[in-house]
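Just follow the structure's listing: the first ligand is 1, and inside any ligand the first atom is 1. Position 1 is the first residue of the sequence, and the numbers go up from there.
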Amino acid sequence: MWSIKAALRAVATAALLTSGLASPSALGDSITVRQANGGKMVFCHYMIGIFYVRTSSADYDDDMKRAKAIGIDALAFNIGVDPYTDQQLGYAYESANRNGMKAFISFDFNWYHTNQAVQVGQMIARYASQPAQLKFGDRVVASSFAGDGLDVAAMRTAAGNNVWFAPNFHPEQGTDFSVIDGALNWLAWPNDGNNKAPKPGKNVTVQQGDQAYITALKGKPYIAPVSPWFFTHFGPEVPYSKNWVFPSDTLWFDRWQQILKLQPKYLEIVTWNDYGESHYIGRLDSPHGDDGSSKWVYGFPHDAFLDMAVPFISAFKAGASDPAPYITSDKIVYWFRPTLKGLNCDATDTTLVDADNSTGNYFKGRPNGWETMRDEVFVVTLLTKAASLTMTVAGKSVTVNVPAGAAINSIAMAPGAVSFSLSRSGATVLQGTSPMKILDHCPCGIYNFNPYSGTIPAGQADQLLPAGYSSILNGLHVSTCGPSGFKTTPAAVARADKVVYAEAVPTA
Ligand SMILES: *[C@@H]1O[C@H](CO)[C@@H](O)[C@H](O)[C@H]1NC(C)=O
Ligand SMILES: *[C@@H]1O[C@H](CO)[C@@H](O)[C@H](O)[C@H]1NC(C)=O
């Protein structure tokens, strides 16, 4: 099962880098950005392993265009050791070049071993002359997820001594940072210092992680992580069972505000497409295989997160602390989990039985850390002028005044419909209802802590393609889920609401 490899990551992965002196010739498009803004760049972690269904470089074009359009400068191509890795990497680099995107390899040390320094170096060398390869001067950028203990000198020799290496090494492990050029911090979520949600007395903020890296790097470039969410819920139906959340409610909004204050040289969005850990900002219909996560991903588009990031990315690149000047039209961005955290799904959930726990990442029932989530619908307004926002859940409304620029509000979750309206001087400016409701039952029978996200005005409808939900029924204790419960007619909607997975009804 190749898809297994695509999926197995204890915490997904990471990537990359950069530095001081770039020579214009090697940087291509990026040089313009670097000269204009002091070299700030936005990277996005991009999992290659999930793409075994792609058959040509054209299959990558839509991702590249979208990433480029929102201001991402380079993709960190996360790779493991799948037999299809070289073929897919070739397609990805080719498409990146065609679409004006830069890229670099991020070695995933869930798959690579730290004694493979020579193989890592050789792999960097193999792709170094790809036109889309990100370089600083003539130095080839490369990164990693984990990998502390790698013989960096041996890697450099094998690569041809021209690597700009910014791995996801860990200061707290005492790793020697003097041999690297920069570093990526993967931990974009508040945590307990042990890869799980904070607990009383064990509470590490993302900003504490920033400081630990900045201290260890002694002035070398820091790649700061930014992520919208973390939820994973694999049971014994796959060999990489794991089940936890990191507190994520307002993280996407809060973290962007922190980034605009911190102004690191580089940031990395985690991720474009790691559906298994629910931190994707790319589309569901981006062609990919199913690592078993479709049971919590089907019907849960995240492209509203991507929309929210746009003015923040512009502000970051301009060195600005406020996204307001970069908001050109009014938009409401919202997200919420499908059920209240107290809803009991024990009778039908997929994780109530034993599974391999050699990683320490498997928990039964509600995802470990579930208590840290708040039962609220989160609403970000991106406005050109101040307005009045009304949020309605299950017939109950709350109205608040919202300023020009970016602001966040919330309203308590309750089973039922979710809608919003925005008005100025008594006239309605924006109005809409979420295609997804808050449910009073367990979708697909499981504890699903993945958020539904949407915008008003609504974006283009987004659903998984068949390969993306090919294993949706594996391990389920209910007979209907996802496409089989797809609501296409009013009668089906009524039925599906009672019995089935209540995914979003496409709006277009
Ligand atoms: C961790 O710290 C944050 C920020 O100070 C706080 O909001 C949160 O409640 C704390 N979590 C726990 C479990 O103590
Ligand atoms: C899995 O291991 C972790 C770490 O030792 C432990 O906290 C957790 O309870 C274990 N899960 C199960 C289902 O026993």
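- Remark: ligand 1 and Thr205 share no N or O pair separated by less than 3.5 Å (distance only, no angle test).
- For Trp296 and Phe234, the distance between ring centers is under 6.0 angstrom.
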Q: Could you give me the CA-CA distance, side-chain angles and deciding distance for Asp176 and Phe169, then say whether side chain to side chain contact (heavy atoms under 4.5 Å, CB included) is met?
A: CA-CA 9 Å; Asp176 181 6; Phe169 287 173; over 6 Å; no
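- Near Pro198, meaning under 4.0 Å from any of its heavy atoms, are these atoms of ligand 1: 13 (C).
- Sorted by chain and number, the residues within 4.0 Å of ligand 2 by heavy atom are Asn357, Gly360, Tyr362, Phe363, Lys364.
- Contact atoms of ligand 1 toward Asn203: 1 (C), 2 (O), 3 (C), 8 (C), 10 (C), 11 (N), 12 (C), 14 (O) (distance under 4.0 Å to a heavy atom of the residue).
- Note: Leu383 CG to Ile327 CD1 = 7.0 Å, rounded to the nearest 0.5 Å.
- The six-membered or imidazole ring of Trp335 lies near that of Phe305, with a centre-to-centre distance under 6.0 Å.
- Considering CE of Met308 and CD1 of Ile70, their distance stands at 10.5 Å, rounded to 0.5 Å.
- Donor-acceptor pairing under 3.5 Å is lacking for the side chains of Asn450 and Tyr275.
- Within the structure, the side chain to side chain donor-acceptor pair (under 3.5 Å) test picks out the following pairs touching residues 225-235 (sequence neighbours left out): Trp189-Ser227, His233-Asn243, His233-Asp349.
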